[in-house]
Amino acid sequence: MAIQRPKGTQDLLPGTVEQWQYLEETIRKVCRDYGYEEIRTPIFEATELFQRGVGQTTDIVKKEMYTFLDKGDRSMTLRPEGTASVCRAYVEDKLYGQSQPVKLYYSGPMFRYERPQSGRFRQFHQFGVEVLGADQPIVDAEVICLVWDLYQRLGLKGLEVHLNSVGCPTCRAAHREQLQRFLTTRKSELCQDCQERYERNPLRILDCKNPNCQAVTEGAPTTLDTLCDDCRSHFEKVLSLLSGAGVAYRVDPRLVRGLDYYTKTAFEVMVEEIGAQSAICGGGRYDGLVEEIGGPATPGIGFAMGLERVLAALQVQGKFPDPKSKLFAMLIALGDKAQNEGFAIMNALRGKGVPVGMDLLGRSLKAQLKAANREGAEFALILGEEELERQVLLLRDLNSGEQTEVPLSKAIEVIYMKHQRGV
Ligand code: HAM
């Protein structure tokens, strides 16, 4: 039996890869415009980083990590997300000693052992941003505006930012108490997972997708009901900055993110049309995380978006730019001598940055012309025995069909100039 790729992974083939490159280039441009610098961290980390960072009670840590013992008997985990790694690097590489805030972005594969379905993979790719060392609400707004701006530049429609404040440890304690009191008589109606969450992390019950649990928690107190003054004024300032920036947001008091590190602002961006997995981006503030993993008390905020889901939205909405013609010219050489001469011309042009191709299969003139059209080339450069004798090259414009002769000695310069002028 032929070996197959692991379940929940994908081969990205030519044709699709160009779409990824377009998305990645747009991301890099936005990050540069906003003053964010790239960070690259290892694909695997000590398991403890995610246990402490993401949280012992989360689905990610409980059920979804690819964890293994290395040959030195150390427990390692393929990274399920990027925030914990960036915070670890902030501490380990002493980025807190640089001028603050530190504004970083990353892009790369993440791994979660989830049940694969449309929009949900076991190896997926995230682009994420983390800002460390700034606690002001303007940072929350900047980060959300960056996401919004990226989606505008990509031309995505039908987006909505869902926003909530999950408070700080102080106001969360009050919320926890009120929520437990609200649920105390109906605890037994909750699903098994939520019954466990009741003691360990009741906030996550609000996020359960089970319709029963949703019915039980209808009207339950939300974190917005118990925010302390500081968290409330922080949230209000974020909202007013976003309104001023024209971001379409909706306050969603039931938005509870699936990772434990969040404080204050939490948000997700939803897009219609891509099916059940409609969250294309999720993020929020995590003012206790750096300290949790052993660093100095440092506020942080960021987000990550699933690139597969962003690409799915771009595909559904037909938002990819027309693929540019790959080749500017196809060199068509007929006969052995012409091939030698043509090969030299092609390489000289390539050396000058002109994308030129040549037949590699020994095909006929007709088949080579067909291939030139298929590649979207602007010109066919035809060199047969007769042209070689007369020291000329035929330059056929594949759009108009017009054909001219160029002296071989001038061919490279003429074609180079045409490419420079974009004709
Ligand atoms: P997350 O909500 O777990 O947050 O993931 C962020 C995004 O990654 C999701 O909204 C979704 O688009 C994508 N994603 C997650 N799991 C999968 C999957 N199995 N297949 C495809 N796409 C997926 C985080 O990871 C946080 N680290 C975000 C963050 C950064 N918060 C603060 N800074």
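First listed ligand is number 1; within each ligand, the first listed atom is number 1. Just the heavy atoms: all of them, side chains too, but no hydrogens, waters or symmetry mates, feed the values below.
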Query - F124 contact mode with ligand 1 (heavy-atom cut-off under 4.0 Å) - result: side chain

Query raised in the report: Which is it for P80 and ligand 1 at heavy atoms under 4.0 Å: side chain, backbone, both or neither?
Result: neither

Query raised in the report: Within the side chain of D207, is there an N or O that forms a donor-acceptor pair under 3.5 Å with the backbone of L255?
Result: no

Query - Atoms in ligand 1 with a heavy atom of G119 nearer than 4.0 Å - result: 20 (N), 21 (C), 22 (N)

Query raised in the report: Which ligand 1 atoms, with their elements, are less than 4.0 angstrom from a heavy-atom of L259?
Result: 3 (O), 4 (O)

Requested in this report: Return yes or no for this condition: an N or O of E308 is under 3.5 Å from an N or O of ligand 1.
Outcome: no

Report summary line: Quick look: R112 vs ligand 1, heavy-atom contacts under 4.0 Å, and the answer is side chain

Report summary line: A279 heavy atoms within 4.0 Å reach ligand 1 at atoms 10 (O), 11 (C), 12 (O)

Query - Test of proximity, F303 against ligand 1: N or O pairs below 3.5 Å - result: yes

Query raised in the report: Which is it for Y261 and ligand 1 at heavy atoms under 4.0 Å: side chain, backbone, both or neither?
Result: side chain

Report task. May I ask you to decide whether E25 forms a salt bridge with K29, counting only side-chain N to carboxylate O separations under 4.0 Å? Result -> no

Report summary line: Contact region, Q277 to ligand 1, non-hydrogen atoms below 4.0 Å, reads neither

Query - Donor on one side chain, acceptor on other, E81 and Q126, under 3.5 Å - result: no

Query - Heavy-atom donor-acceptor pair, T223 side chain to S165 backbone, under 3.5 Å - result: yes

Requested in this report: Check whether the side chains of E378 and N399 place a donor and an acceptor atom closer than 3.5 Å, and report yes or no.
Outcome: yes

Query raised in the report: Is it true that D33 and R153 make a salt bridge, defined as a side-chain N closer than 4.0 Å to a carboxylate O?
Result: yes

Report summary line: Among R257, E81, Q126, closest by heavy atom to atom 5 (O) of ligand 1 is Q126

**Report entry** Atoms of ligand 1, numbered as shown, that sit under 4.0 Å from any heavy atom of T83
**Finding:** 26 (C), 27 (N), 29 (C), 30 (C), 31 (N), 32 (C), 33 (N)

Query raised in the report: Cation over ring, R40 on Y106, under 6.0 Å and within 45°?
Result: no

Report summary line: One finds that the ligand 1 atoms under 4.0 Å from a non-hydrogen atom of Y262 are 26 (C), 28 (C), 29 (C), 31 (N), 32 (C)

Report task. State the atoms of ligand 1, each with its element, that fall below the 4.0 Å cut-off from a heavy-atom position in G283. Result -> 31 (N)

Report summary line: Under 4.0 Å between heavy atoms, the region of E130 that gets near ligand 1 turns out to be side chain

Query raised in the report: Where is the nearest protein heavy atom to atom 19 (N) of ligand 1: which residue, which atom, and how far?
Result: E114 OE2, 2.6 Å

Report task. Examine ligand 1 and decide if any of its atoms is less than 4.0 Å from a heavy atom belonging to G128. Result -> no

**Report entry** Protein contact to atom 20 (N) of ligand 1 [nearest heavy atom, distance to 0.1 Å]
**Finding:** F121 N, 3.0 Å

**Report entry** Nitrogen or oxygen atoms of Y286 and ligand 1 under 3.5 Å apart
**Finding:** no

Report summary line: The atoms of ligand 1 lying under 4.0 Å from a heavy atom of G282, numbered in the order shown, are 10 (O), 28 (C), 29 (C)

Query raised in the report: Is there a donor-acceptor contact under 3.5 Å linking the side chains of Y286 and T83?
Result: no

Query raised in the report: Are the charged groups of D73 and K71 less than 4.0 angstrom apart, N to O?
Result: no

Query raised in the report: Do D260 and R204 meet the salt-bridge criterion of a basic N to acidic O distance under 4.0 Å?
Result: no

Query raised in the report: Any idea which atoms of ligand 1 are less than 4.0 Å away from a heavy-atom of R309?
Result: 11 (C), 12 (O), 17 (C), 21 (C), 22 (N), 23 (C)

**Report entry** Any side-chain donor near an acceptor of the partner, Q277 and S118, under 3.5 Å
**Finding:** no

Query raised in the report: In terms of side-chain geometry, is the basic nitrogen of K63 or D193 positioned less than 4.0 Å from the acidic oxygen of its partner?
Result: yes

